[in-house]
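Right, one structure below, let's go through it.
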Number of protein chains: 2
Amino acid sequence: MVKSISIGLLGLGTVGSGVVQIVERHQDKLMHQIGCPVEVTKIVVKNLDKKRDIDIDPAKLTTDPNEVIENPNIDIVVEVMGGIEETRNYVIKALRNKKHVVTANKDLMAVYGAELLQIAAENGCDLFFEASVAGGIPIIRSLVEGLASDRILKLMGIVNGTTNYILTKMTEEGRAYEEVLKEAQALGYAEADPTSDVEGLDAARKMAILATLGFSMLIDLDDVKVTGISNITEEDLEYCKRLGYTMKLIGIASRDEQDKVEVSVQPTLLPNSHPLASVNDVFNAVYVYGEAVGETMFYGPGAGRLPTATAVVSDVVEVMKNMRLGVNGNRFAAPQFTKQLKSDEEIYSKYFLRIHVKDQAGAFAAITSLFADYNVSFEKILQLPLKDSDLAEIVIITHQASKKAYDEIMKKLNSLDVVYEVKSSYRVEGEEVL
Amino acid sequence: MVKSISIGLLGLGTVGSGVVQIVERHQDKLMHQIGCPVEVTKIVVKNLDKKRDIDIDPAKLTTDPNEVIENPNIDIVVEVMGGIEETRNYVIKALRNKKHVVTANKDLMAVYGAELLQIAAENGCDLFFEASVAGGIPIIRSLVEGLASDRILKLMGIVNGTTNYILTKMTEEGRAYEEVLKEAQALGYAEADPTSDVEGLDAARKMAILATLGFSMLIDLDDVKVTGISNITEEDLEYCKRLGYTMKLIGIASRDEQDKVEVSVQPTLLPNSHPLASVNDVFNAVYVYGEAVGETMFYGPGAGRLPTATAVVSDVVEVMKNMRLGVNGNRFAAPQFTKQLKSDEEIYSKYFLRIHVKDQAGAFAAITSLFADYNVSFEKILQLPLKDSDLAEIVIITHQASKKAYDEIMKKLNSLDVVYEVKSSYRVEGEEVL
Ligand SMILES: NC(=O)c1ccc[n+]([C@@H]2O[C@H](COP(=O)([O-])OP(=O)(O)OC[C@H]3O[C@@H](n4cnc5c(N)ncnc54)[C@H](OP(=O)(O)O)[C@@H]3O)[C@@H](O)[C@H]2O)c1
Ligand SMILES: NC(=O)c1ccc[n+]([C@@H]2O[C@H](COP(=O)([O-])OP(=O)(O)OC[C@H]3O[C@@H](n4cnc5c(N)ncnc54)[C@H](OP(=O)(O)O)[C@@H]3O)[C@@H](O)[C@H]2O)c1
């Protein structure tokens, strides 16, 4: 007879209680898949007296992490408490004690993922983290297995639900950032301190994880250039619409022929026909461009109790299958390539630019000639007088330009006599795939 | 030292030559992932003298299938020749000779999948078939693993690129079915004999495979009710547009609380906001609704040499990993549930209906009262006089109705005095998820 498999949880919050719920409800199915019963036997929390919204035997709760990570009866540790430094120590201890670990923690994986995977391998343990990127979408599995024989050239992701919600509402309802943010906070779609979401840091962590897997190359969080959405105005979105684009906070990871890569997160204009352009509200999606497969996209909920818990439990199921077969610790191959980052000369894209200029003869010519000095030409131009002022507004979509050239143009633009103010500037992606 | 792994191909057409190409180009990556070299050593074709568009050592070609399936040096058989009966015999022989099999053949899997998986299990062999449904989308992997701990309630798929191309063109350009079909044939998007695509049979095969996996229940091809696209007119599509819908050939597999299922393929109206509505041209997509995860969608190319070959090679990589670990033959658990099909009383949906009626008082009342007899009410109605005739056109979108009630209404409708002709009738999906 097969013995039962015992799971210990670190954390019983949103995700943790979803995991308990799914494991209980799907006992039959899990039995069928892995051939033995599964039980959550011990759960670490901060506060034993807190009211929980699921029924849980109080004897299972503890505030002492060692009752899970040092517990000889526990096979798998599910880390759903969040945090970085303290959590890292627990995960390391658990792995050294030959426990398999499943985590939903993108902060931990983005910062210490490489170290932890290494320790897992040394101990013959699985360390799985599907839920850490885009909870409801099996994207890590698809990158590691489904697209295993392809060469991935570009990943583009809407990987933060909060910012996607805010941009969707701003776009659909023509409302201001601050107002929509407050509403998102009231609805529970944004945290009281929304910085990590709206400034793009959360998305950057996920892109570091995706790029590392997609390119088989160790990408650090520091390698990801980040711009958030807090400066986007209704005017910008109005122009997007008029020009046939949709603004999204997009994480981009691309590599060239020589395996040089760029990873960044920034507000980006996509043509309305791009598959990512119609991903709205809190939904997430990851678009993958592979040399052989071409365009694919994975779409689903990025967070939420049950979607995230589903991803955690899928990982747990795989760990259990591996246990039964005696083959844990084999999923992630060490990175194949050494990291080479593109320089600013090598990063190419189109740009959207909105400037206020003095409404006088020669203004436009001065701007055009500055761009021409750097060999950057225009794809679209709008020029409109500004009401109640002696300024005009110019909106430009450039052709491809190197980041270096564009940054230099931006610097000089501000010192041009005819330029009153550079209002905004965004990256434009998606017409040419690469 | 690890020996090298040897692959035998049955077939060197579109997909087969893509497989050879990918295995050659990605030697390094494959070595890195599995730790030993891989080689395609023998290839079965029909005609040795045919000009091939890839470079291939003529000594590798043969017309004798036994040189692959009885060859003691071959570890993995890749079946990319197509066909059903003869192919089934080869696959069975290969499995009995302890060779793992990877196939792209939906016809074979839809008809003999259960039998072949059984034989594979008995022989400790892997039988993988990712490429058989939606070539470029790792949907089978996602159903079997990523959503393993969820309860899937509904699958909706655009799983045939030819029909999606035709409907996209008809919709965008307002052109007639026959004309667009001819163009699709000229472009190579449709076969000379397009029956299997346009009558929905190809999609039905894929839905049988998906439903079997998603519901853990053996669904036969005969269980799938099928209607094709060949009767769709420009007028129907014009009304779709006007009412805010998009017409797609949709495969539906749904199950209720009691695990009763319905699997069907038919032209279906989707609200424009549905994620499947913007899947255009030859692209495929599978929408999955899980109890826990909610809505997810997988999007990508459904066919084509390299996308399909990528899926085949991913399967081959997984077989090789399993070989290295000594754990082949474990991926697919036998179905958990016995099949129970919904009766027509239990299949509910909305319907689109277009009728020509005599333009006289009481016509509309007669129709309304027929529907009312069956307790079916209307969500939307358009009535327009028809130019140069004494008829009027009525377009109705009903509320939910059972298939039984709706079919009876349709029968009686034709015998109503005021009805001149029932022009068309389609299913409507997607406003309520379930
Ligand atoms: N929520 C989502 O939708 C989502 C989606 C994807 C990924 N994630 C990730 O999943 C993880 C958990 O998120 P969550 O939303 O479930 O968090 P949460 O609701 O705040 O729950 C955290 C849980 O951990 C416990 N905990 C926190 N610090 C602890 C400590 N130092 N010692 C002992 N127990 C401690 C808390 O105990 P008490 O209950 O006693 O306070 C609580 O049960 C995070 O890494 C998050 O980034 C979440
Ligand atoms: N094409 C796609 O995009 C696609 C996508 C998904 C799935 N699939 C599936 O993949 C399979 C192969 O499709 P394909 O498009 O590659 O077909 P194909 O281009 O027609 O190639 C078939 C190959 O098999 C060989 N062959 C056929 N019958 C044979 C027999 N009786 N004995 C020996 N060799 C035989 C042919 O030999 P000769 O070269 O000598 O004629 C040819 O090389 C089919 O099951 C198809 O449904 C295809």
Side-chain angles (χ1 to χ4, degrees), chain A residues 18 21-23 25-26 28-30 32-33 130 135-139 141-142 145-151 216 273 275 278-280 283 285 287-288 290-301 304-307 309-314 316-318 321-322 324-327 330 333 336, chain B residues 18 21-23 25-26 28-30 32-33 130 135-139 141-142 145-151 216 273 275 278-280 283 285 287-288 290-301 304 306-307 309-314 316-318 321-322 324-327 330 333-334 336:
Chain A
Q21 204 176 321
I22 291 181
V23 170
R25 275 204 206 149
H26 292 271
D28 283 3
K29 187 168 175 186
L30 294 171
H32 181 79
Q33 287 184 77
E130 184 69 73
I137 311 174
I139 179 66
R141 182 165 278 112
S142 299
E145 298 166 8
L147 302 165
S149 62
D150 200 355
R151 185 181 142 83
S216 192
S273 58
S278 46
V279 174
N280 287 327
F283 279 95
Y287 167 95
V288 181
E291 194 171 66
V293 84
E295 301 182 85
T296 60
M297 189 177 83
F298 302 84
Y299 166 97
R305 172 193 189 121
L306 289 178
T310 301
V312 169
V313 179
S314 309
V316 170
V317 168
E318 215 164 311
K321 284 188 183 169
N322 289 346
R324 202 194 53 188
L325 302 169
V327 294
N330 286 297
Q336 187 179 1
Chain B
Q21 205 175 321
I22 291 181
V23 170
R25 276 205 205 145
H26 292 270
D28 283 1
K29 188 170 175 186
L30 294 170
H32 181 79
Q33 287 183 77
E130 184 68 73
I137 310 175
I139 180 66
R141 183 165 277 111
S142 298
E145 297 166 9
L147 302 166
S149 62
D150 200 354
R151 185 181 143 83
S216 193
S273 58
S278 46
V279 174
N280 287 326
F283 278 95
Y287 167 95
V288 181
E291 194 171 65
V293 83
E295 301 182 83
T296 59
M297 189 177 85
F298 302 84
Y299 165 98
L306 289 179
T310 301
V312 169
V313 179
S314 310
V316 170
V317 168
E318 215 165 310
K321 284 187 183 170
N322 288 346
R324 201 195 55 186
L325 300 169
V327 295
N330 285 296
Q336 187 179 2

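Any value given below was found using the heavy atoms of this structure, including those in side chains, with hydrogens, waters and symmetry copies removed.
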Checking B:A285 against chain A: side chain, backbone, both or neither under 4.5 Å from a heavy atom? neither
Okay, B:A311 and chain A: the region with an atom under 4.5 Å from a heavy atom over there is neither
Taking it one step at a time, do A:L147 and A:V288 satisfy side chain to side chain contact (heavy atoms under 4.5 Å, CB included)? CA-CA 9 Å; A:L147 302 165; A:V288 181; 3.8 Å; yes
Which bit of [X] is near chain B, if near means a heavy-atom gap under 4.5 Å: side chain, backbone, both or neither?
X	answer
A:N280	neither
A:I137	neither
A:R305	neither

Is there side-chain contact between B:V327 and A:N322, with at least one heavy-atom pair below 4.5 Å? no
Please report the interatomic distance [atom1]([X]) to [atom2]([Y]), rounded to the nearest 0.5 Å.
X	Y	atom1	atom2	answer
A:R25	B:D150	CZ	CG	10.5 Å
A:T310	A:Q21	OG1	CD	10.0 Å
B:I139	B:Y287	CD1	OH	13.0 Å

Among the listed options [options], the residue most often paired with chain A at heavy-atom distances under 4.5 Å:
options	answer
B:G136, B:P138, B:A292	B:A292
B:E130, B:K321, B:E291, B:E145	B:E145
B:P307, B:S149, B:S314	B:S149
B:V312, B:N330, B:I22	B:N330

Closest non-hydrogen atom pair between A:Q336 and A:S216, with its separation: N-OG, 2.8 Å
Residue, of A:Q33, A:E318, A:K29, A:H26, that accumulates the most heavy atom pairs under 4.5 Å with chain B: A:K29
Pair A:F283, A:Y299 - check side chain to side chain contact (heavy atoms under 4.5 Å, CB included), show working. CA-CA 7 Å; A:F283 279 95; A:Y299 166 97; 3.6 Å; yes
